[in-house]
Amino acid sequence: MPTDFAATRAQFDLPEGILYLDGNSLGPLPRNVAERLARTVTQEWGTMLITGWNKAGWMDLPTRIGDRIARIIGAEAGHVVLGDTLSIKVYQALASALEMNPRRKVILSDTGNFPSDLYMAEGLCRTLGDGYELRTVAPEEVADAIDDSVAVLMLTEVDYRTGRRHDMPALTAKAHDVGALAIWDLAHSAGATDVKVAEGGADFAVGCTYKYLNSGPGGPAFIYVAPRHAETVRPALSGWMGHEAPFAFDLSYRPGSGIERMRVGTPPILQLAALDAALDVWEGVEIADLRARSIELCEAFIAGVEARCPMLTLGSPRDPRQRGSQVSFRHPEGYAIMQALIARGVIGDFRAPDVLRFGFTPLYIGLDEVNAAVGILAEIMATDAWDTPEFKTRAKVT
Ligand SMILES: Cc1ncc(COP(=O)(O)O)c(C=O)c1O
């Protein structure tokens, strides 16, 4: 059965008059989340109190939801777990991967990676000392920079600014050929593209849920560990929830079985409940259909903007196979242009120095919305409506 995108659209509450092209930053509210949260608060927390950990199944939520995400990222069931923020999961994967390759000291990444990933790697190198080093090259130079000095290749599959998509299977295979491990950050891939971590050979994958998976602001992150490492990986963040028997309260750490060991502390039950409800939208969605529709929307947007706004320069790869589900255009006054768009109800975002970002999320965006957004952008550019002091004043979050 082909995916019914009208049915998925009907499962979201989007405010009247808004064209939401920022689901790559914060997904909108699925209709059933408020009711599920209310139930978790009043019926579970409110009446079960601490017995909710057993009675309401709170303790199993991180792995139960992990299985739902596994389908979306092409992972084996039983090998994904939720918890913490993505920055923490990056650190956790990296620390474990480095320990698995003890004779090498180089983390290879690229300058298009999300800064938090690079910061976490820097901090870990500083803590480890002993010659550990983060090496970054331009995204297009990554393949050539994979050599036998590299311990771990750490990349974000889809670039947060440009939408450029790395070739996960090819780069992972190259890393493995030289004896390195590969960690993939799927923040801009999970729920956006046809990512296949198992087929792609990833050793570790991490990602957030508040973008394309719609868990809400600050929703928990996920981590995947390939089955071949599941029983040997040693978590550096060895918290009690990853212990083999958390309630034995032993004085020393013994890793839990498989992916359970990548849990750290008490899971955020309210946010997990929101995510669990948000994932219901995905039940009838075929990832191949999602990818095809996403490409159709991105292509229509690029064609429309290029035809009507010649002063904007495409900042994303032109070849859809090398793009995620977002499109960037560049302009020196990108910030003010985005503010003018937002004032007219078209919500995208801006990334320094000059990038206007637009995310295309087939679950709730169709060609009508794409065409309407192009029309509003064209009007703003034709009239210089962005050129006011009000639109040039920078807010804290861009
Ligand atoms: C690619 C990527 N990695 C890491 C992060 C950091 O995530 P968090 O703030 O949940 O730690 C983000 C946030 O947007 C991101 O886009």
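Quick caveat, the model's predicted, so the values are computed rather than measured. Positions are given from 1, in the same order as the sequence printed here. Whatever order the structure lists ligands and atoms in, that order sets their numbers, starting from 1.
- Phe114 shares a hydrophobic cluster with Tyr160; the chain of contacts runs through ILVMFWY side chains whose heavy atoms sit under 4.5 Å apart.
- Applying the salt bridge (charged side-chain N to carboxylate O under 4.0 Å, His left out) test between Asp280 and each of Arg68, Arg36, Arg31 identifies Arg68 as the sole match.
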Chi angles and distances behind the side chain to side chain contact (heavy atoms under 4.5 Å, CB included) call for Glu306, Phe301: CA-CA 8 Å; Glu306 289 197 321; Phe301 186 72; over 6 Å; no
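- The side chain to side chain donor-acceptor pair (under 3.5 Å) analysis of residues 376-385, with sequence neighbours excluded, yields the pairs Arg344-Glu379.
- Side-chain contact between Val327 and Phe360 is present, with heavy atoms from C-beta onward closer than 4.5 Å.
- Around ligand 1 you find Thr85, Leu86, Ser87, Phe114, Asp117, Thr156, Asp185, Ala187, His188, Tyr210, Lys211, each with a heavy-atom distance below 4.0 Å.
- Partners of Pro246 under the side chain to side chain contact (heavy atoms under 4.5 Å, CB included) rule, at least two apart in sequence or in another chain, are Trp240.
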